[in-house]
Amino acid sequence: MPLSTTNDTTVAQQHWMGNFALFMMIAGALIFLGTTDDVLQNAYLNRSMIVTLLLVIGITTFIISRSHIASKYQSHLLSIMLLIVPIISINLLPYAAVTAWASCFLFLMIALISYNRIVMWYTIVVVLATNLFIMFNTTTTMVEIDSSDHVARLGMVTIGICIALIINHLHIRNLSQLHSLANQLDEAAKRDPQTELLNLRGLEDFFDDANRQDLLLVGIHLENYYELARYFGEDIQARVLFECIERLQSLLPPYLALVRIEGGTIGVVMEKPEGVSCHDEMELLSQKMSAPYQIDLHQIYVNLYIVIDDGDTLQKSWMKRVQQVNSALQESVQNDKKVMCIDQTWRCEQTLRVEAARALSLAEVNRDFYLVYQLQYDSNQQTFVGLEALVRWKTELSKANQPSVFIPIAEKSDLIIRLGEWIFEEGCKTRKRLIGLVPENFTVSVNVSPRQLTNESFMPFIERMLLKYSLKPQQIKIEITESQSLDFESQPILRALRRIKTLDFPVSLDDFGTGHASYHVLERLLPLRQLKIPKQFIEQIEESAKRQSILESIFQLTRSMNVECIVEGVETGEEVRIAKDIGIHLFQGYFFAKPVSLTDIILLLESKNKEAME
Ligand code: C2E
Ligand code: MG
Ligand code: MG
């Protein structure tokens, strides 16, 4: 049991004694008020004085029990207060002999029940002293007592004391055993049972001053920890972990604590090294740690990621710091960044993501989102040939309203399914709204997240939408981002792609060249309608021959595959000129049109049509 709990027990006992004393004294006072005993009426302490005295003792004892005096002194004061009663009773011996004997036993019982050693010793002294006093003063008292009574009473008192002492001793011994057991359990709860390293609770307890921003927290993650159990069994997985920890202990600079954060993730707390680049040191550590582990006949390679949190932050608790290190580790695994430092920009982004995730969980698709549209231009036909629907979020978090912030968060939950369906339906409504304003083959492009593709209900949904708005599949282009999270080998995605192909939806591969689309992937997507070249390949192309040749080779690829090539993010006439020289004729970018509301798009298209008529 932690110390605080022991103190809680003592406090509860003191309270209990205070309550009991108050109750007893009030009861005693009431008895005295009601008594008709003549002897008492004639006593030199009259009834009202006794009643007042009892009430004063009761209330004072109660107040002492509730005070914040150290518990040891509180016990002394409580004993003195309680024992005033038998001591005063001795003065009133001729009138209150029974009180003098009985109260002693009563207090002995109180001390026994409350396990309080101090009260117990006080009681024993007063019990014996009172009884001896009575014994030696019987001749002078008016109480008629047989002399053998004294011996019998003293004998009884002694037996009572012995029993009380034995019970009290046993009780206190049991209690202290329980306390030490509880302490052991408490200690065990702060350690990881497998490695005996500190766990998160232990970490918080170890550095009880939570805000130790002067300390570094380094997170070390074994990427393939869980696979080890699958491939080699749990025994080898555990041995690799132990060897890893051993290697860490020998390679790390002096550290303060090693913590097992979870599975194959270890945290190291250390002082900030002065004058040394922690990043370089950790890169060296990463290399040394990644050397293969020889377990029995197996040579096991471990992929290690390291995140350094230098604590230069307003984060209050270790728990929060560990959470941040964990998220950074996930990110570094995704981006394959072996050593990463958490800096202020990263922390701000993280905070924004957390706030956005919270706000998104309260968002309602129909109420809190809207679409803007960006026109796509064909320089051969010198006209707009399509538009892309881009979602926006009406939120008070000004930095989070861009899809680059909230879409990745929505993609982590089923919100993207609901949101994606809403976007798709709005796209269909828009295409229907444009009938008569644009040619038949004008397309509305809708971005579709990989998670939507893996959802069983997605394909039936888009088929329903086509029927509902009487559209042809060729009028809605599905933009699939070439992101790392899109696994073109997974069965649900392949199934969805096959269905998209069967229905003859034009598919555009967005942000081509930024993910890991191979020729194999392109083949899976065929007949692909379009490759979309992202902004980074076109911006400032005039200054980079390398970029020009990349753009040229992508264009050649699209020609040989017989798919359209559209460049997005074109902002200047120079960029357009170079792209045109290469042979590209499809564009999307601020140079031609910015993303605007549907009303603006309609106004623009209407005025273009009017111009063409004139
Ligand atoms: P994306 O599909 O590649 O969209 C193009 C992004 O480039 C858009 O940013 C657009 O506003 C921006 N852009 C277009 N022309 C220019 C230009 O000339 N200069 C600059 N600097 N930017 C330009 P946005 O709207 O912020 O969207 C970012 C990404 O968010 C999109 O990239 C797409 O991956 C995702 N996204 C947007 N809307 C949706 C949606 O409805 N559903 C899904 N799943 N993702 C969406
Ligand atoms: Mg797009
Ligand atoms: Mg794009």
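Whatever order the structure lists them in is the order used to number ligands and atoms, beginning at 1. Please read all numbers here as calculations on a predicted model, not as lab measurements.
- At the shortest separation from atom 31 (C) of ligand 1 among protein heavy atoms lies L390 CD2, 4.6 Å.
- Under 4.0 Å from ligand 1, the heavy atoms of K535 that appear belong solely to its side chain.
- Nearest to the Mg ion (ligand 2), among the N, O or S atoms that E388 has, is OE2.
- Scanning the protein heavy atoms around atom 5 (C) of ligand 1, the nearest turns out to be E568 OE1, 3.3 Å.
- Looking at I416, D510, V372, I423, it is I423 that brings a heavy atom closest to atom 41 (O) of ligand 1.
- Judged purely by distance below 3.5 Å, without hydrogens or angles, the side chains of Q588 and E388 pair a donor atom with an acceptor atom.
- Considering only non-hydrogen atoms, atom 18 (O) of ligand 1 lies nearest to Y590 out of W422, F424, Y590.
- Distance from atom 21 (N) of ligand 1 to its nearest protein heavy atom, with residue and atom name: E571 OE2, 3.1 Å.
- Near-neighbour remark for the Mg ion (ligand 3): protein N, O or S atoms under 2.8 Å are D510 OD1, D511 OD1, E568 OE2; waters not counted.
- Residue-ligand proximity, S449 to ligand 1, at heavy-atom distances under 4.0 Å covers atoms 44 (N).
- Every atom of ligand 1 is numbered from 1 in the order shown, and the set under 4.0 Å from a heavy atom of G569 is 15 (N), 16 (C), 17 (C), 18 (O).
- Atom 11 (O) of ligand 1 has as its closest protein heavy atom P595 CG, 3.5 Å.
- If you look at Q374 next to ligand 1, the close heavy atoms, those under 4.0 Å, all belong to the side chain.
- Counting only N and O atoms by type, the side chains of N441 and Q474 include no donor and acceptor under 3.5 Å apart.
- Heavy-atom separations between R392 and ligand 1 include at least one value shorter than 4.0 Å.
- The nearest protein heavy atom to atom 7 (O) of ligand 1 is not closer than 4.0 Å.
- Counting heavy-atom neighbours within 6.0 Å of K608 NZ, excluding the residue itself, gives a total of 12 or less.
- Within the set T572, N447, T481, the minimum heavy-atom distance to atom 43 (C) of ligand 1 is found for N447.
- Classification of R358 and E355 as a salt-bridged pair fails, no side-chain N sitting under 4.0 Å from a carboxylate O.
- Of the protein's non-hydrogen atoms, the one nearest atom 38 (N) of ligand 1 is V391 N, 3.2 Å.
- Ion pair R347/D309 flagged as a salt bridge, since at least one NZ, NE, NH1 or NH2 atom sits closer than 4.0 Å to an Asp/Glu carboxylate oxygen.
- Salt bridge absent: K535 and E568 never bring a charged side-chain N and a carboxylate O closer than 4.0 Å.
- Residue G589 approaches ligand 1 through these ligand atoms, each under 4.0 Å from one of its heavy atoms: 15 (N), 18 (O).
- A heavy-atom distance below 4.5 Å is found between the side chains of P473 and L466.
- Not a single N, O or S atom of S508, from either the backbone or the side chain, sits less than 2.8 Å from the Mg ion (ligand 2).
- Using a 4.5 Å heavy-atom cutoff, the side chains of V576 and I584 are not in contact.
- Residues K394 and R367 are not in side-chain contact: their nearest non-hydrogen atoms beyond the backbone lie 4.5 Å or more apart.
- A salt bridge links E456 to R495: at least one charged side-chain nitrogen sits closer than 4.0 Å to a carboxylate oxygen.
- A salt bridge does not link E349 to K399: none of the charged side-chain nitrogens sits closer than 4.0 Å to a carboxylate oxygen.
- T558 places none of its side-chain heavy atoms less than 4.5 Å from the side chain of E564.
- Under 4.0 Å from ligand 1, the heavy atoms of E388 that appear belong solely to its side chain.
- In summary, the atoms of ligand 1 found under 4.0 Å from a heavy atom of D511, numbered by their order in the structure, are 3 (O).
- Heavy atoms of E539 found under 4.0 angstrom from ligand 1: none, in either backbone or side chain.
- Counting only heavy atoms, the protein gets under 4.0 Å from atom 16 (C) of ligand 1.
- Taking the centre of each ring, F406 and F369 come in below the 6.0 Å mark.
- Atoms of ligand 1 found under 4.0 Å from any heavy atom of Q402, numbered from 1 in the order shown, are 26 (O).
- More than 12 heavy-atom neighbours from other residues, nucleotides or ligands sit within 6.0 angstrom of CD on Q194.
- Summarising the contacts of atom 36 (N) of ligand 1 with P450, P403, P534, A389, the nearest heavy atom is found in P403.
- In N380, the CG atom is crowded: over 12 heavy atoms of neighbouring residues, nucleotides or ligands sit closer than 6.0 Å.
- The closest side-chain donor-acceptor pair between T265 and H221 falls under 3.5 angstrom.
- The shortest side-chain heavy-atom distance between R547 and E539 falls under the 4.5 Å cut-off.
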